[in-house]
2 protein chains.
Amino acid sequence: MTSRIEKLCEERSILLTEQRRIVARVLSESSDHPSVKELYSRAAAIDASLSIATVYRTLRLFEEAGILERHAFDGRESRYEEASTDHHDHLIDIDTGVVVEFQNEEIENLQEEIATRLGFELVGHRLELYGRKIK
Amino acid sequence: MTSRIEKLCEERSILLTEQRRIVARVLSESSDHPSVKELYSRAAAIDASLSIATVYRTLRLFEEAGILERHAFDGRESRYEEASTDHHDHLIDIDTGVVVEFQNEEIENLQEEIATRLGFELVGHRLELYGRKIK
DNA sequence: CAGTGAATGATAATCATTCGCAAGTAAAAA
DNA sequence: TTTTTACTTGCGAATGATTATCATTCACTG
Ligand SMILES: [Mn+2]
Ligand SMILES: [Mn+2]
Ligand SMILES: [Zn+2]
Ligand SMILES: [Zn+2]
């Protein structure tokens, strides 16, 4: 039961301590986009001695290694998810906070076009839709 | 020399104090997307007794009145600009921080389509491109 | 098993932002 | 014009998220 995150850590020769393993496990078992606080409480349920400082450190480490992606929906606190090979963007329900994922090749291509037209090499982007559920 | 922001304040019967007038003026004279700290120092150059708390309060007031737009590029500190009638999105130069504006009707339409398809009414969105200048 | 560098937990520090409050100011009422 | 009332401001404290510090512990090498 070696998670995908753990495999990636080995590839990048990131030392996998017990606490990092816990953070990795909690994240791979989360399908929502948990905040640091949420991650911390889920991880603390496994090992109560875990420090939130270590959670922050681990998240940053994983993010810089390209293993995780950080989001700051609407400029709020950071939320994380596993970086997947197939890129997607997000729609956030403004009433409930629920995050829905979507992919749109057309928009991705248009972004490339726009950047090129403006004289830039596109390095990344952030697309968030904010909406309200239609009953 | 009544700025557009001042006009909008009158329309919304927002009391225009001297400090609010200064914040309005500094913003209308800025074509970049200044952070609160930047706005504060530009405003303090006009009236040194101005408090940063008032700047924050004024920015929030104007934003809630739809007069300003707040951005949190890459999850960093808030930056502001005058809300214009013609919507645009941003490309940020990751080396210099320079912000370039662009408009793309096609992307806007696709966003509506996506939201609808997912069963949501699109209320807002955020699209940021991050790129590096091609020499 | 000792030696060295990295990782951890606890806590202090920092940064952006908001609050609380006493004092000032403007608009409404008398 | 006085009085009353409501809104604003500056200052500093409080907050919440994140990072830094530091003594201690851990992992790996020889
Ligand atoms: Mn996602
Ligand atoms: Mn803009
Ligand atoms: Zn995308
Ligand atoms: Zn747009």
In whole angstrom, give the distance that lies between atom OH of A:Tyr56 and atom C1' of C:dA10. 15 Å
Assign each of B:Leu15 and B:Lys37 the nucleotide of DNA chain C bearing its closest heavy atom; nearer the 5' end lies the nucleotide of B:Lys37
Whole Å only: how far is the CD1 atom of B:Ile52 from the C1' atom of C:dA16? 9 Å
Between the side chains of B:Glu11 and B:Lys7, is the shortest nitrogen-to-carboxylate-oxygen separation below 4.0 Å, so that they form an ion pair? no
Give one of base, sugar-phosphate or nothing for A:Leu50, where a contact means two heavy atoms less than 4.0 Å apart. sugar-phosphate
Rounded to whole angstrom units, what separation is found between the NE2 atom of B:His71 and the P atom of C:dA16? 19 Å
Can you measure A:Arg57 atom CZ to D:dC22 atom C1' for me and round it to whole angstrom units? 11 Å
Salt bridge flag under 4.0 Å for residues B:Glu6 and B:Arg21: yes
B:Phe102 and B:His88: aromatic ring centres closer than 6.0 Å? no
Of the nucleotides D:dA20, C:dT17, D:dT9, which one has an atom closest to the side chain of B:Glu77? C:dT17
Of the candidates D:dT18, C:dT17, D:dT9, the side chain of A:Ser78 sits closest to D:dT18
Give a yes or no on whether a donor-acceptor pair under 3.5 Å exists between the nucleobase atoms of D:dG16, that is its base, and the side chain of A:Arg76. no
Using heavy-atom distances to pick each residue's nearest nucleotide on DNA chain C, tell me which of A:Ala53 and B:Val36 is more 5'. A:Ala53
Against the side chain of B:Gln19, the closest entry in C:dA7, C:dG9, D:dG10 is D:dG10
